[in-house]
Amino acid sequence: MADRGAAGAARRPGGRAARCGRALAAAGALLLAAACGTAGGPAAASETDACPAPPEPGAPPRRVVTMDGGSAAILHALGEGDRIVGTAAPDFFAAFDGPERAELDRIPVIDEGQGNREAVVAAEPDLVMGVHMFQFGTFDGTPTVHELSGAGIDVLVSCSPPGPVSGLGETEEFIRNAAGVLGVPERGAELVERIERDAGRVPEGRPVRVLALSAPPGPGRPIGTMGGTSLVNGIIARAGGVNIAEGEGADLAQLSAEQVAAADPEALVVLTGFSPMPEEKLIAAVRASPLLSRSTAVRDGRIAVLPQSVALSPSVLNGRAVAGLAEVLHAPER
C-alpha cells in the first residue's frame, strides 16, 4: 500500500532542508536544537516563566511586530496585516502558497531568525506578538516581556493551556485575543469558525494509534517525539487519533524502542523542517528504520507529513492540518 499524504497544510511535497541554528518554529525550538545536534538547547530566562495576560490597550495598536510568520499570517487573515511593520522568522510562510503566500511575502522582514531585540525595538511597535513564550528572552538576543514592557510596548503571546491538549483551543484563544486587542472581535470569531470548518468533525470509531517524529529513530537511542501537552497532540486527537506519547506530560518527550514496539503505531506523523534531509529521503529513512519498518503504520502506508510551523504552534492552517491528517488516519483499506 502506498503512503497516504495528508491534503493541504498536512502534506507538503518536495520539502527543503532545515537550517540549523534558527528557530523555524518557536514551539519546537528545543526539538530543533536536538535535531541540529546542539547541546542543551536554550536556557529559560526568569522573565519568560509566566505567560502574560493579553494587554488591554486604550486604543488598537497601529504598529505591530510579529516574532514569527505564523502570527503575521493570523493578523493578515484578520484583515489587519497593514498594521505589521515587521516580522521575524519568515520561514513560517513556507506552509502557504498561491495569492496568500504572495501577500505574506510582502510583509517587511526585520530578522530572518528568532527576533533580535534591537531590530524589534527599532521598528517602534505598539505591540509585539508571538506564538510561544520561547520567543521572548529564551534565545540569546531576543527581548524579554519585561524589557518590552519597560519600553512601553505591549506583548501578546499564545499561552499553552495546562494539561493534555485535545484540540485547537490554544490557537482559537490566541486568535480571539489578537482580534480583541486589535478591536475586531467579530473577525476573530469568523476566523475561528473558518478553522473549525477546515478541521471538520472528529471522526467516529476507535482512535488510531499515532507516533509523531521528526527524524528516523537511531539504533539504541530513545525516540524523540511530541508529548501530551503539545499542539501536535491536539491535532492528532482532533483528527481521530491518539498520540502514543500522550501520557508524557510535556511538549517534548522521549520513548524507548520497547515502548514504541509495544504500542505498534498504526500511523506516523513526520514533522518536516527539522531534518537536513530532503522530505522524500526523510520519509524513506523513517520507513526503512528497523524499529518502524515492521510497524502497522509502515505496513499499511499510513504516513502523514506536517510542516513543523503548522503542527507545533498556532496557525491559520491548523484546521487544514487536522483534516489532512484525518484523511490519512481513516482512509479505507486498499
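Note that the structure is a prediction, hence the values are computed from the model and not measured. Residues: numbered from 1 along the sequence shown. No hydrogens, no waters, no symmetry mates; every other heavy atom, side chains included, goes into these values.
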(message) Could you walk me through whether L252 and M226 satisfy the side chain to side chain contact (heavy atoms under 4.5 Å, CB included) test, starting with their C-alpha distance in whole Å, then the side-chain angles of each, then the deciding distance to 0.1 Å, before giving a yes or no?
(response) CA-CA 5 Å; L252 307 175; M226 306 305 296; 3.6 Å; yes
(request) Report yes if some heavy atom in the side chain of H132 is under 4.5 Å from a heavy atom in the side chain of D251; otherwise report no. (result) yes
(message) Side chains of S71 and D68: any donor to acceptor distance under 3.5 Å?
(response) yes
(message) Can you tell me how far apart OG (S315) and CG (L231) are? Round to the nearest 0.5 Å.
(response) 9.0 Å
(message) What I'd like to find out is whether the side chain of I303 reaches to under 4.5 Å of the side chain of V328, using heavy atoms alone.
(response) no
(message) I'd like to check the side-chain hydrogen bond (donor to acceptor under 3.5 Å, both in side chains) partners of D198; sequence neighbours left out, ordered by chain and number.
(response) none
(message) Set out, in order, the CA-CA distance, both residues' side-chain angles and the distance that settles side chain to side chain contact (heavy atoms under 4.5 Å, CB included) for L292 and L268, then state yes or no.
(response) CA-CA 9 Å; L292 299 175; L268 303 176; 4.2 Å; yes
(request) Quick one: pull up CD in Q135 and OG1 in T142 and give me the separation to the nearest 0.5 Å. (result) 8.5 Å
(request) Please check if V322 and V242 belong to a single hydrophobic cluster, counting links between Ile, Leu, Val, Met, Phe, Trp and Tyr side chain heavy atoms closer than 4.5 Å. (result) no
(request) State which residue, out of L75, T66, I84, fulfils the side chain to side chain contact (heavy atoms under 4.5 Å, CB included) condition with I107. (result) I84
(message) Other residues, nucleotides and ligands only: do more than 12 of their heavy atoms fall within 6.0 Å of CZ on R101?
(response) yes
(message) I'd like to know if the side chain of E246 and the backbone of N243 have a donor-acceptor N/O pair within less than 3.5 Å.
(response) no
(message) Applying a strict under-4.5 Å side-chain criterion to I, L, V, M, F, W and Y, I'd like to know whether L291 and I283 cluster together.
(response) yes
(message) I'd like to know if the side chain of H330 reaches the main chain of G241, judged simply by a donor and an acceptor atom lying under 3.5 Å from each other, with no hydrogens or angles considered.
(response) no
(message) Side chains of D264 and S295: any donor to acceptor distance under 3.5 Å?
(response) no
(message) Could you report the tightest heavy-atom contact between L213 and P217, atom names first, then the distance?
(response) CD1-CD, 3.9 Å
(message) Minimum heavy-atom separation for M67 and G115, please, with both atom names.
(response) CE-O, 3.8 Å
(request) Compare all side-chain heavy atoms of M129 with those of V157 and state whether any distance is below 4.5 angstrom. (result) no
(message) Tell me the closest heavy-atom pair linking V316 and A73, and the distance in Å.
(response) CG1-O, 4.1 Å
(message) V269 vs L211, test: side chain to side chain contact (heavy atoms under 4.5 Å, CB included). Steps then yes/no.
(response) CA-CA 6 Å; V269 172; L211 171 66; over 6 Å; no
(request) Could you tell me the separation between the CD atom of E80 and the CZ atom of R187, rounded to the nearest 0.5 Å? (result) 4.5 Å
(request) Could you tell me whether a side-chain N or O of S293 sits under 3.5 Å from a main-chain N or O of S289, the two making a donor and an acceptor? (result) yes
(request) State, to 0.1 Å, how close P314 and T171 come at their nearest heavy-atom pair, and which atoms those are. (result) CA-OG1, 3.3 Å
(request) Please tell me if the side chains of P108 and V85 come closer than 4.5 Å, counting only heavy atoms from C-beta onward. (result) no
(request) Could you tell me whether the side chain of L127 reaches within less than 4.5 Å of the side chain of V155, counting heavy atoms only? (result) no
(request) Flag the pair V120 / R117 as yes when at least one side-chain heavy-atom distance between them is below 4.5 Å, and no otherwise. (result) no
(message) Does any part of the side chain of V121, heavy atoms only, come nearer than 4.5 Å to the side chain of E147, both counted from C-beta?
(response) no
(request) State yes or no: do V202 and V165 share one hydrophobic cluster built from I, L, V, M, F, W and Y residues joined by side-chain heavy-atom distances below 4.5 Å, directly or via other members? (result) no
(request) Is it possible for you to say whether V109 and V65 belong to one hydrophobic cluster, with membership spreading through side-chain heavy-atom contacts below 4.5 Å? (result) no
(request) For side chain to side chain contact (heavy atoms under 4.5 Å, CB included), just list the numbers for F92 and T87, CA-CA rounded to whole Å, side-chain angles, deciding distance to a tenth of an Å, and then say yes or no. (result) CA-CA 11 Å; F92 282 72; T87 190; over 6 Å; no
(request) Mark yes when over 12 heavy atoms from residues, nucleotides or ligands other than E56 sit less than 6.0 Å from its CD; otherwise mark no. (result) no
(request) Without swapping roles, check the side chain of S275 against the backbone of L282 for a donor-acceptor pair under 3.5 Å. (result) no
(request) Hey, could you give me the CG/CZ distance between L104 and F96, rounded to the nearest 0.5 Å? (result) 6.0 Å
(request) Look up atom CG in L312 and atom OG in S230, then write down how far apart they are to the nearest 0.5 Å. (result) 7.5 Å
(request) Look up atom CZ in R83 and atom CZ in R63, then write down how far apart they are to the nearest 0.5 Å. (result) 12.5 Å
(request) Over all heavy atoms of both residues, which pair between N233 and G227 is shortest? Give the atoms and the distance, please. (result) CB-O, 3.5 Å
(message) The criterion is side-chain contact (heavy atoms from CB on, under 4.5 Å); which residues satisfy it with A267, sequence neighbours excluded?
(response) V208, V210, R302, L329
(message) By the side chain to side chain donor-acceptor pair (under 3.5 Å) test, which pairs, at least two apart or in different chains, include something from residues 150-169?
(response) S158-E170
(request) Give a yes or no on whether a salt bridge exists between E266 and R299, defined as a side-chain N under 4.0 angstrom from a carboxylate O. (result) no
(message) So that I can tick it off, tell me whether R238 and E196 are bridged by a salt bridge, with the cut-off set at under 4.0 angstrom between side-chain N and carboxylate O.
(response) yes
(request) Might you point out which heavy atoms bring T229 and G249 nearest each other, and give the distance in Å? (result) CG2-C, 4.0 Å
